[in-house]
Every structure is written in structure tokens, then in C-alpha cells.
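Okay, structure first, notes after.
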Amino acid sequence: MAQKPSIPKGMRDFDPQTMVKRNYIFDTIKSVFKRFGYLPIETPAMENLTTLLGKYGEEGDKLLFKVLNSGDFLAGVDTSTDNLFAQKMATKISEKGLRYDLTVPFARFVVQYRNDIVFPFKRYQMQPVWRADRPQKGRYREFYQCDVDVVGSDSLLNEAELVQIVDDVFKQLKINVIVKINNRKILSGIAEYIGATERLTDITVAIDKLDKIGIEAVNNELIEKGLSVESIDLLQPVLFMTGNSREKIEKLKLLIGQTETGLKGIDEITILFNYLDFFNLNLGFELDLTLARGLNYYTGAIFEVKSKDASMGSICGGGRYDDLTGIFGMPGVSGVGISFGADRIFDVMTELSLFPTGTSETTLALFVNFGKFEELYCLPFVQQLRDDGLNTEIYPDHEKMKKQIKYADQKKIPYVIIAGENEIEHNQFTIKRMSTGEQFTVKNTEIVHILKELAAN
RNA sequence: GUGGUUGUAGCUCAGUUGGUUAGAGCAUCAGAUUGUGGUUCUGAGGGUCGCGGGUUCGAAUCCCGUCUUCCACCCCA
């Protein structure tokens, strides 16, 4: 057991059965992305640490996987004791890191290839990301994000389109979801209204917990953070706000309508809701003022998608970022995007048993191998079937038929093709239907045609 | 990063107050059946009890450390 191989904490292997299901999710998401006119890109697993650091807040920096420099990573580094602080050392012995999400690498990509890109640029990207978080339910250290983003367009139609994409994807995957929508400008407006503009982060983080810890605890936390009693008093009507999304928007207008950013946020969200009401959507959507999202770079709309039926955090999230490319020296380009968490979607679908049973990824027919001579008789037909798009295999070894049929059974291959002395003599094949056990003999020239018909049913 | 939890065969788990050679079911492989699977019967292989150290005449069992698992916090997909 000591020598038993293993993989790093929080990372996983996937067996074929799991991969078939995972691919079902990826294929579904990808097909929707394509249908809305998005194009694929990929970026490397590693980015320069300078690209990554400082983009996800203090917490994010801690969760970055840093990669040790190649060769003698201590060469030329001052290792005297007063320099031996992890943070100080990190940037000296490591200049690369595994990507933490797909949005920041994408922003880097846009800046780097700005002259080759046609704006508005609509791209999708489905790749793994890595976070050095403690693993727990729905949280892995390596997981796939499926991102769609539009950069170079301020239009709120983009936000609306992202919700349509979410609707489309989860309609196909048969997951009942609700989209929670908020706007960073509204949150800013609230902060300004209560006279604590510069405390926006503290306020949003505290508000975010409202559902979880209750209003009293939120207020206590705000006091601890040093917010004045007057500010907290002013905040109460916001926290206690009731009614549907439209009613909340009206109430908000009275409270924060005087602040410039607040009003802008209200306008934006009103326009977005107008679009969404106009669409014929399956999913539910609502204004959720407690939705803050930790990522530092969001400036406008914020989205979060949750399954209505599963006990899982958000399975999808995103928002509008006005200046992400500015960090890389290309100001004035606004982007908006959303990210599907494939692994969490997988967990939700597993919990709710939503995976379809029949998949087209298995083999349709297996040729039994009776030996070298019989093999040669079969091989041309194996190739013909494959040329005609039918998933076909021939058992590679001359084993007992029992074993070969058992192989087909376990792999859930529906048809087994048998050709021994008798069949070969008469230019025939015996087809065995595994589900019923029945067998019938056909002319070898008809095997492709017949299997095609069987496959269609 | 903080707190808790878990680890015995490929999988799911037994294993008495520390006491000989650590068990079961399922799975695997072989045979019953040298051209027929999912049922049955027979047999076989498979474990330094996560790893390292300690206590003890003796440790899967007790203690410490470490890794891993799962959970909560933090944060998030």
C-alpha cells in the first residue's frame, strides 16, 4: 500500500463511464455557445505570475498555484533569514502560475492580439483551472470552467444574451435553475448613499452573507469593520427590502436614485429586465441585492445561477468588467461574460439523476475473433462498417468465445458478429443481438446495410 | 489559512478490554461448458491494516506526527 500510486489532493481521475457523462455536458454547452456565434480559443495552463497576481484580491493570490522556476531556482536569491518570508520569496523563485480562471487569461489574450481581433469579440473557452483551496463538496483544486465572453461592446443586449445562453444550456440539461442578478453600480450607489463609499468591499461581503447568517450578524460584522451607526441605520431599508424584482427596483430608486452610479445601475438593470421579460425564457430570474461576488473586477451586472432542486452552491457565475484589459494596458474596452462550472453541473446532474441512459459513444458491433484465418475474413467488413460511420471493433485476441461475448456484454455492445468455419464457407455472418440473445445469419455483402438499419432503431 | 472528520483486499465494510496465521460480500481470474454473455456451482489470486515514529513481551486496535478523504468557516465554479 505504501507504494500505491496516487494523485495530488483535490484532483481527480475520470473513468470512461464518467467521461461519457462529462462529455455530454461539455458537448451540450459547446453547441449552445456556437449557436450564439461564439468562437473558441485556448490559452496555456500557466500564465506569468505578473498576469495573475493582484487580479483576484488578497484571497485569490493565496489560492494561486505557483510553479517553481526551472533549474536552480535558488540561484542568485538572497536566502538570508530576514528574507525568508513566503510571500517575499514566492515571486523570486517562481515566475509562473497555474491559471485561476479563464477571464483574466482572456483579458491578457485580448490585449496581446488586439490588432488581430475583430470587435465585438465573442469567444468561448472550456479548460481546466486550478485553485489551492481546501477541497470539499463541489469544490475541487482542478476543475473545468466553460466561459463565454463578449469584449468591445457596452450593449446590455450582451448581458441579456448571456442569460439566454444560460437558459438554453440548462433547458437542454434539464436542470431547473434560477438566475440571480445584481449590479455592482447599485451596490456602489448603496455604499455612497449610506456615506461609506470606500467601504464597498466590506459592505458587499457582509450583505452577501445575509441569507446565511441573518441580519443581526451582518450588522455586527459591519460594526466590527468600523462602519458608523448612521451608515448601518441607512442600510437597513436596503437589507429589509421586500417585493418582486420590479418593486425592489422602484424602492431602490427612491433610496439611491440621487447618487450618480446608483441611478446608472438602476437604469442598467431595468433595461436588462426589459429584455429578459421580452424573451421567452424557461428559467427564473430575479434581482438579488445580496449577490455581491468576490471578484474584484466586476463593474456592472453580476450573475449567479443556482439549481432549484440540488444542494449545491452556484453552478454558473459572471458579470460585466469595464476595465480588465486596462490592467494590461488597453483601457476603455468593456467586457461581459459568464462561466459554467462543469464539475458542479456534473454533481448536480448526478444528485438529480439527470443523465440520459442511452449514449451514442459505445461500440455498435463487436466481431468475435476465432483465429488468424477467420480474422482475415472479418477485417474487410470491419473496415467497411467503420467507413460507413458505425462504431465497430474486432476482438484482438483468439480467446474463448465466452470471454469475448462477456466482453461485449460488459461494454454494453448491442451486436456481436460471429464468423466461424460455417459462416465463412457460405459467405455469411451470424449476428447476435445481445439484449435478447437471438441470432440470425445474413449474407456478408449485406452486413453493413443490416447493421445500419439495426443501429437506426 | 482555521476547526472537525476519515483511512483495513480493486469496491463496500466486519475485526471483542491490545493477544497466535486480519475476515465477509461484491468484483477479478480459472474450471464445470475447446462456437455463445448477463443465472448457478467449484476453486484460486489479492493486505507491511494510509505512511513514519513511539508505548508494550505483543499494536489494525493506545499515543504523537504526517498525508489523504469528507464537512464547516473563509472564499468560490
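The sequence lines fix the lettering, A, B, ..., with proteins before strands; numbering per chain opens at 1. If you're wondering where the values come from, they're calculated on a predicted model, not measured in any experiment.
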- Message: For the OG1 atom of A:Thr445 and the CD atom of A:Gln384, what is their distance to the nearest 0.5 Å?
- Response: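 A:Thr445 atom OG1 to A:Gln384 atom CD measures 9.0 Å (nearest 0.5 Å).
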
- Message: Would you compute the distance between atom CZ of A:Phe36 and atom OH of A:Tyr124 and round it to the nearest 0.5 angstrom?
- Response: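 Nearest 0.5 Å value for the CZ-OH distance: 14.0 Å.
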
Has the side chain of [X] got a donor or acceptor that lies under 3.5 Å from a partner of the other kind on the base of [N]?
X: A:Arg131; N: B:C75; result: no
X: A:Gln439; N: B:U36; result: yes
X: A:Lys432; N: B:U36; result: yes
X: A:Asp409; N: B:G37; result: yes
X: A:Glu423; N: B:G35; result: yes

- Query: Closest approach of A:Leu53 and A:Leu64, non-hydrogen atoms and distance?
  - Reply: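 Heavy atoms only, the tightest pair is CD2-CD1, 3.7 Å.
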
Are there any protein N/O atoms within less than 3.5 Å of an N/O atom in nucleotides 65-72 of chain B, and if so, which ones and at what distance?
| unit_1 | atom_1 | unit_2 | atom_2 | d |
| --- | --- | --- | --- | --- |
| B:U69 | OP1 | A:Gly10 | N | 3.1 |
| B:C71 | OP2 | A:Lys137 | N | 2.2 |
| B:A72 | OP2 | A:Gln136 | OE1 | 2.7 |

Roughly how far apart, to the nearest Å, are [N] and [M] at atom [atom1]?
N: B:U8; M: B:U69; atom1: P; answer: 13 Å
N: B:A24; M: B:G43; atom1: P; answer: 12 Å
N: B:C71; M: B:A30; atom1: P; answer: 39 Å
N: B:G54; M: B:U12; atom1: P; answer: 32 Å
N: B:G65; M: B:C26; atom1: C1'; answer: 36 Å

So if I take every side-chain heavy atom of [X] and compare against [options], which nucleotide ends up nearest?
X: A:Ile405; options: B:G37, B:G35, B:A30; value: B:G37
X: A:Phe370; options: B:A77, B:G37, B:G35; value: B:G35
X: A:Lys406; options: B:C74, B:A77, B:G37; value: B:G37

- Presence of salt bridge, A:Asp101 and A:Arg131, under 4.0 angstrom: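 Salt bridge absent between A:Arg131 and A:Asp101.
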
When all nucleic acid strands are considered with a 4.0 Å heavy-atom cut-off, which category describes [X]: base, sugar-phosphate, or nothing?
X: A:Gly420; answer: base
X: A:Ile418; answer: base
X: A:Gln410; answer: sugar-phosphate
X: A:Cys146; answer: nothing
X: A:Gly437; answer: base
X: A:Ser435; answer: base

- Task: Kindly assign one of parallel, tilted or perpendicular to the pair A:Phe106 and A:Phe109, based on the angle between their ring planes and the thresholds 30° and 60°.
- Result: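 Taking A:Phe109 first and then A:Phe106, their aromatic rings lie parallel (interplane angle under 30°).
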
- Query: Going by the angle between their ring planes, with limits at 30° and 60°, are A:Tyr297 and A:Tyr321 parallel, tilted or perpendicular?
  - Reply: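 If you compare the ring of A:Tyr297 with that of A:Tyr321, the planes turn out perpendicular.
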
- Rounded interatomic separation in angstrom, taking CD1 from A:Ile315 and C1' from B:C76: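 Spelled out: CD1 on A:Ile315 to C1' on B:C76 is 14 Å.
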
- Message: How many whole angstroms separate atom CZ of A:Phe170 from atom C1' of B:A77?
- Response: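 In whole Å, B:A77 C1' and A:Phe170 CZ are 10 Å from each other.
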
- Message: Let me spell it out: for each of A:Glu438 and A:Gly317, pick the nucleotide of RNA chain B with the closest heavy atom. Which residue's pick is nearer the 5' end?
- Response: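 Counting from the 5' end, the first nearest nucleotide belongs to A:Glu438.
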
- Query: 5'-most contact on RNA chain B: A:Ala132 or A:Arg139, nearest heavy atom basis?
  - Reply: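 By nearest-heavy-atom nucleotide position, the 5'-most residue is A:Ala132.
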
- Worked verdict on A:Tyr298 versus A:Arg320 for side-chain contact (heavy atoms from CB on, under 4.5 Å): CA-CA 5 Å; A:Tyr298 291 124; A:Arg320 162 82 61 179; 5.7 Å; no

- Item | Base of B:A77 and ring of A:Phe143 stacked, centres under 5.5 Å, planes under 30° |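 Check passed, A:Phe143 stacks on base of B:A77.
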
- Pick one: which of A:Asn444, A:Thr441, A:Ile450 meets side chain to side chain contact (heavy atoms under 4.5 Å, CB included) with A:Phe429?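 It is A:Asn444, the one option of A:Asn444, A:Thr441, A:Ile450 that forms the side chain to side chain contact (heavy atoms under 4.5 Å, CB included) with A:Phe429.
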
